[in-house]
K.L.:
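This is the structure I want to talk about, given as structure tokens.
Residues take their numbers from the sequence shown, with the count starting at 1.
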Amino acid sequence: MTAPSNSRWLVSTDWLAARLGAPATVVVDGSFYLPALKRDAAAEYLAGHIPGAVRFDIDAIADHANPLPHMLPSAEQFARDVGTLGIAETDTIVVYDGIGLGGAPRVWWTFRLFGAEQVFILDGGLPKWKAEGRPLEAGTVERAPRVFKARKHGAEVASLATVRAALADKSAQVVDARPADRFRGEAPEPRPGVRSGHMPGAFNVPSSALVENGTLASPDRLKQVFAAGGVDLDKPVITSCGSGVTAATLWFALDAIGKEPQALYDGSWSEWGARDDLPIEPKPKA
């Protein structure tokens, strides 16, 4: 496979264009936007997507019994939902999003977590595809249902208890992908009821620093960014963010430099920051 050098999991627009319509290749629109961006992922998909692409909605394919945003579903639900989309775990899955490297890493990580092995991200995403004048189609895409044999996830998903233990005994570094001003408590959180600040002892590596022009930065640049955030790449990492989305961008970047994380904290700051019994820095003013 001819792929960009940044990551073994990136494929080029040329590569995808040559394989559109191939029976075992499934294109997935994994776009996700925070409310502040004022973009509607569902509407944008209907208006124009890569031909044949199905939409993976992280808010729909999620644990609806959990009040936290887009928490991972059970293996049974994941298998049912993506099987309905016409995807099997043996397919070659290519994920893209409308930013370039926004929601796609979370969808990439989720598919791999549940047992798909040939899962890739389109380098440059939909913006690059559009800039090159490649075809789009509107409306929904219906694929014939498939059977997806999902495995149950294990230690790759960190619970609150796991994160608290890691922070206490320093067995792993908790790395937060949120913007620096939110991490420092200088900007409000986008979700009501969630405090500003960060977990005591956590490191901050904003996901935006890992992306250049909508694609993953070079390996040397990635190492520089993690070093600037105080992260020791030779020690275990648990990735975190606001709600588990850009935590997967951290995962994708660490994998690209041969340092795959120990786990991703799915609840992330949406869980920690909403709990009054958990400590935060900087400490709230009395």
Side-chain angles (χ1 to χ4, degrees), residues 1-20 25-32 50 53 56 91-113 116-132 134 156 173 175-180 203-241 244-264:
M1 176 185 300
T2 301
S5 60
N6 306 41
S7 167
R8 58 184 170 150
W9 302 114
L10 284 170
V11 296
S12 68
T13 51
D14 283 341
W15 185 93
L16 180 58
R19 288 160 180 79
L20 282 185
T25 299
V26 185
V27 186
V28 176
D29 185 320
S31 300
F32 168 80
I50 293 177
F56 187 106
D91 288 331
T92 296
I93 302 164
V94 181
V95 188
Y96 73 87
D97 63 55
I99 291 177
L101 204 63
R106 169 70 183 203
V107 179
W108 165 85
W109 176 80
T110 303
F111 269 105
R112 293 183 68 227
L113 181 72
E117 295 183 357
Q118 298 300 308
V119 192
F120 303 92
I121 292 177
L122 180 63
D123 191 31
L126 191 61
K128 188 171 189 293
W129 183 272
K130 285 178 162 180
E132 294 170 348
R134 299 186 186 271
E156 309 100 321
Q173 304 162 101
V175 183
D176 189 328
R178 289 178 300 149
F203 298 87
N204 183 215
V205 177
S207 61
S208 59
L210 306 170
V211 181
E212 295 178 347
N213 300 317
T215 191
L216 190 66
S218 69
D220 286 344
R221 176 59 182 160
L222 295 177
K223 291 174 184 176
Q224 292 171 1
V225 171
F226 281 105
V231 179
D232 185 340
L233 292 173
D234 292 325
K235 294 181 179 178
V237 167
I238 297 173
T239 66
S240 181
C241 61
V245 177
T246 54
T249 305
L250 289 181
W251 189 298
F252 190 67
L254 286 164
D255 178 279
I257 53 177
K259 303 291 183 179
E260 189 172 33
Q262 173 180 297
L264 181 151

K.L.:
Less than 4.5 Å apart, any side-chain heavy atom of Trp109 and any of Arg106?
P.N.:
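When only atoms from C-beta onward are counted, Arg106 and Trp109 do touch, with a gap below 4.5 Å.
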
K.L.:
Give the intermediate values and the outcome of side-chain contact (heavy atoms from CB on, under 4.5 Å) for residues Phe203 and Asp176.
P.N.:
CA-CA 6 Å; Phe203 298 87; Asp176 189 328; over 6 Å; no

K.L.:
Side chains of Val245 and Phe32: closer than 4.5 Å at any heavy-atom pair?
P.N.:
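With C-beta onward as the side chain, the pair touches.
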
K.L.:
Out of curiosity, Asp91 CG to Phe111 CZ, how far, rounded to the nearest 0.5 Å?
P.N.:
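So the gap between those two atoms works out to 9.0 Å.
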
K.L.:
Under a 4.5 Å cut-off applied to non-hydrogen side-chain atoms, are Trp129 and Leu16 in contact?
P.N.:
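Yes, close enough: below the 4.5 Å cut-off.
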
K.L.:
Please walk me through it: do Val205 and Leu250 pass side-chain contact (heavy atoms from CB on, under 4.5 Å)?
P.N.:
CA-CA 8 Å; Val205 177; Leu250 289 181; 4.1 Å; yes

K.L.:
Any non-hydrogen side-chain atom of Val175 less than 4.5 Å from a side-chain atom of Ser240?
P.N.:
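When only atoms from C-beta onward are counted, Ser240 and Val175 do not touch, as no gap falls below 4.5 Å.
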
K.L.:
Is the backbone N or O of Ala104 less than 3.5 Å from a side-chain atom of Asp97, with the two atoms forming a donor-acceptor pair by type?
P.N.:
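Yes.
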
K.L.:
Under a 4.5 Å cut-off applied to non-hydrogen side-chain atoms, are Glu156 and Leu113 in contact?
P.N.:
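The answer is yes, as the side chains (C-beta and beyond) meet within the 4.5 Å cut-off.
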
K.L.:
With salt bridge (Lys or Arg N to Asp or Glu O under 4.0 Å) as the test, would you mind laying out the steps for Arg134 and Asp14 before giving the verdict?
P.N.:
CA-CA 10 Å; Arg134 299 186 186 271; Asp14 283 341; 2.5 Å; yes

K.L.:
Determine the minimum heavy-atom distance between Gly98 and Pro127, stating which atoms define it.
P.N.:
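Heavy atoms of Gly98 and Pro127 come nearest at O-CG, 3.5 Å.
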
K.L.:
How far apart are the closest heavy atoms of Pro206 and Pro179, and which atoms are they?
P.N.:
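What the structure gives for the nearest pair is CB-CA, 4.3 Å.
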
K.L.:
Between CG of Leu20 and CD1 of Ile50, what distance do you get to the nearest 0.5 Å?
P.N.:
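Going from the CG atom of Leu20 to the CD1 atom of Ile50 covers 7.0 Å.
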
K.L.:
Would Thr239 and Thr246 satisfy side-chain contact (heavy atoms from CB on, under 4.5 Å), going step by step from the backbone distance to the final call?
P.N.:
CA-CA 9 Å; Thr239 66; Thr246 54; over 6 Å; no

K.L.:
Here's a test for you: under ring-ring contact (aromatic ring centres under 6.0 Å, His included), which of Trp251, Phe252, Phe120 qualifies with Trp9?
P.N.:
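Between Trp9 and the candidates, ring-ring contact (aromatic ring centres under 6.0 Å, His included) is satisfied uniquely by Phe120.
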
K.L.:
Would you give the length of the straight line joining atom CG of Leu210 to atom CD1 of Ile257, rounded to the nearest 0.5 angstrom?
P.N.:
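Answer rounded to 0.5 Å: 9.0 Å.
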
K.L.:
Test side-chain contact (heavy atoms from CB on, under 4.5 Å) on Val28 and Val119; report intermediate values, then the result.
P.N.:
CA-CA 10 Å; Val28 176; Val119 192; over 6 Å; no

K.L.:
How far does CZ of Arg221 sit from CD of Glu212, to the nearest 0.5 angstrom?
P.N.:
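Between Arg221 CZ and Glu212 CD, I get 6.0 Å after rounding to 0.5 Å.
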
K.L.:
Could you tell me the separation between the CD1 atom of Ile93 and the CZ atom of Arg112, rounded to the nearest 0.5 Å?
P.N.:
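With rounding to 0.5 Å, CD1 (Ile93) is 11.5 Å from CZ (Arg112).
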
K.L.:
What side-chain donor-acceptor pairs closer than 3.5 Å can you find for residues 222-237, not counting sequence neighbours?
P.N.:
from   : atom 1 : to     : atom 2 : distance (Å)
Asp232 : OD1    : Asp234 : N      : 2.9
Asp234 : OD1    : Lys259 : NZ     : 2.9

K.L.:
So do the side chains of Thr92 and Val26 get within less than 4.5 Å of each other, counting heavy atoms only?
P.N.:
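Of all side-chain heavy-atom pairs linking Val26 with Thr92, none is under 4.5 Å.
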
K.L.:
Do Ser31 and Asp29 pair up side chain to side chain, a donor and an acceptor below 3.5 Å, judged on atom types alone?
P.N.:
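Result is yes, a qualifying pair exists.
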
K.L.:
Measuring from atom CD of Glu132 to atom OG of Ser12, what distance do you get when rounded to the nearest 0.5 angstrom?
P.N.:
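One gets 8.5 Å once the value is rounded to the nearest 0.5 Å.
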
K.L.:
How close do Thr249 and Gly102 get, counting heavy atoms only, and between which atoms?
P.N.:
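Heavy atoms of Thr249 and Gly102 come nearest at OG1-O, 4.0 Å.
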
K.L.:
For residues Leu216 and Leu101, determine if any side-chain heavy atom of one lies less than 4.5 Å from a side-chain heavy atom of the other.
P.N.:
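Touching, per the 4.5 Å side-chain cut-off.
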
